[in-house]
Amino acid sequence: MCGIVAYIGDKEAFPIVLKGLKRLEYRGYDSAGIALINNEGIANFKQKGKVSFLEEYAEDKDSSGTIGIGHTRWATHGLPNDVNAHPHLSGDGKIALIHNGIIENYDTLREGLKARGHVFHSETDTEVLVHLIEDIKNNEKVSTAEAVRLALNNVIGAYAIVVMSIENPGQLIAARKSSPLVIGIGKSGDFYLASDATPIVEYTNEVVYLDDEEIAIVERNKGLRLYNIQNQEKTPYIQELELQLEALEKGGYEHFMLKEIHEQPRSIRDCFRGRLNVDKGWVGLGGIKDYEQKLANANRIIMVACGTSWHAALVGEYLIEDLTRIPVEVEYASEFRYRNPIISENDVVIAISQSGETADTLAALELAKSKGATILGICNVVGSSISRITDAGSYTHAGPEIGVASTKAFTAQVTVLTLMALAIGHRKGTINESKFRRIISELELIPDKVAEVLRENDHIEHIASIYKDAANALYLGRGNSFPVALEGALKLKEISYIHAEGYPAAEMKHGPIALIDEEMPVYVIATKGTSYEKVVSNIQEVKARKGKIIAVVTKGDTQVKGMADHVIEIPETDEHLVPLLATIPFQLLSYHVAVMRGCNVDQPRNLAKSVTVE
Ligand code: F6R
């Protein structure tokens with residue numbers, strides 16, 4: 001949510017910052033802006049809308065300068081317009097600031113500043129912060145860096161900020177609390193700052209991730225100094241990035257979402273590489289090795305997550321309860337954190353998050369930690385906040401996910417949860433050896449089976465063309481296919497703006513069945529397994545009300561084929577692994593519907609990928 005980028009060095013800053021903003025546009029696309037320091041002072045370019053509008057706007061203007069800060073916005077305070085766009089300037093125009101996060105006490109601060117003569121032009125909390133820095137600097141007669149530190153001591157809320165001042169054009173000041181910030185250390189005394197490593201990777205692979213309440217001062221050709229908010233100097237911990245530049249390109253696909261859907265055979269394989277050995281009959285997750293026993297002995301496992309990651313957690317609940325017999329609760333992180341939950345030291349709380357930055361998930365973990373629970377993470381983004389505050393965790397290794405709608409992250413999360421359930425169940429003896437071996441052999445085949453489902457693309461595109469104009473859709477599933485139904489509905493609504501609901505198939509009779517008429521497409525997961533006959537009955541109930549049935553079935557199925565308007569076949573697999581296959585047709589279907597409806601697939605309206613505000 002909001003992306004920030006900054007550069008200082010001896011190259012032109014504008015193209016570097018602009019390119020960085022394009023890479024971070026998935027974090028918000030309400031407005032974009034770049035400020036530079038050059039001979040004219042601070043040049044500040046801001047435009048409502050996408051980064052490309054900013055690029056066009058700046059084309060015929062002087063955008064020279066070797067220090068610059070840029071921002072792509074997901075609006076929280078104030079409309080998405082040019083005035084509210086970042087960077088924001090101090091009253092005297094000498095300090096420029098970009099910000100990702102929310103200053104919760106901005107109203108009080110603004111009233112105080114107004115009383116001291118400050119005039120505000122925007123409705124944002126960010127403008128208040130830059131005025132506060134200016135106010136402190138002028139009244140306390142301190143450096144800009146010290147004014148930033150003192151100002152942050154007065155701030156309640158979340159922030160990742162970068163500040164530059166005309167009085168010191170060789171310096172950038174950066175700080176974070178609850179919103180991410182990474183500093184890339186260039187090879188020639190230059191620095192690249194950003195919300196995540198994607199704008200940095202093409203220049204350097206040496207990075208420092210800021211921790212909460214750390215302030216960094218980077219100076220051209222001088223280096224990086226790090227302080228905590230109490231002003232004690234710290235030693236920066238330099239890490240090596242493993243990100244590959246190609247992973248950030250569309251690689252010939254029309255959209256990132258389509259590329260990411262098609263990457264799943266590889267991303268699932270990468271996820272279990274080194275964690276699964278079928279010949280030796282072994283499964284292990286290195287990252288949580290030291291916590292396996294703790295997990296096996298846990299009274300309860302609580303999973304906290306949001307959105308698609310919450311759906312993955314629901315699949316995990318089925319897997320873990322069935323294979324380990326440990327009770328599992330799945331919680332919306334945003335609810336968990338505010339409802340005084342009962343947590344004991346024998347609980348293990350697992351956060352699931354693609355970005356590793358979701359504010360509610362992070363806060364839920366902090367709450368669990370404060371109550372003494374063991375906290376683990378399942379994240380995709382390496383070095384993200386969640387991965388750093390947890391006791392231990394497992395990365396999903398899906399590679400960067402840039403399309404706002406999550407696809408490959410979901411299947412990778414489910415893969416990690418499957419491995420986790422298998423590892424604990426095996427250790428506890430709650431799965432017998434032959435069942436264990438059968439599931440791991442099947443898991444190893446999943447990437448090829450996903451590839452087989454992807455070959456159904458044209459057929460799925462055809463189905464999409466028939467139902468693209470439906471105003472509503474229902475998704476039904478039972479058991480571990482119920483979360484797949486929820487996820488299918490979420491994918492459709494978020495990228496094509498069609499109203500869709502996911503339900504446990506049997507719940508239909510308790511209300512939603514009233515919605516069914518001949519206009520209503522009903523997507524059903526009707527694969528072979530424990531609930532098959534029950535789902536068949538539910539399909540009949542829909543048919544009797546003239547609903548249109550589009551069923552995901554096991555290859556070779558004839559019974560549902562005889563009833564449904566359309567079927568999409570997926571290969572047979574162990575029942576525990578069905579979600580990994582059944583979710584793929586729904587991803588493709590949503591994608592095609594959205595494209596046919598002319599929607600912006602990779603950047604759906606009102607959304608942003610990394611939700612760093614609650
Ligand atoms: C939906 C989607 C969101 C995210 C949610 C959590 O396609 O992407 O619902 O799943 O915002 O994000 P993470 O997983 O980064 O915590």
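Numbering of residues begins at 1 and proceeds along the displayed sequence. On a predicted model such as this, the values are computed, not experimentally measured, just so you know. In listed order, ligands and their atoms are each counted from 1.
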Across all chains, not counting sequence neighbours, the salt bridge (Lys or Arg N to Asp or Glu O under 4.0 Å) partners of Glu317 are none
Item to check | Quiz item: cation-pi between Arg176 and Tyr159, 6.0 Å / 45° | outcome: no
Applied to residues 403-424, the salt bridge (Lys or Arg N to Asp or Glu O under 4.0 Å) test, sequence neighbours excluded, yields Glu263-Lys408
The protein residues that pass the under-4.0 Å heavy-atom test against ligand 1 are Cys306, Gly307, Thr308, Ser309, Ser353, Gln354, Ser355, Thr358, Val404, Ala405, Ser406, Leu490, Lys491, Glu494, Val611
Of all heavy-atom pairs linking Ala464 and Leu589, the shortest is CB-O, 4.1 Å
Looking only at the side chains, is there a donor atom on one of Thr358 and Asp360 sitting less than 3.5 Å from an acceptor on the other?
no
Residues passing the side chain to side chain contact (heavy atoms under 4.5 Å, CB included) test with Tyr192, sequence neighbours excluded, are Tyr7, Lys11, Ile16, Asp190, Ile200, Tyr203, Thr204
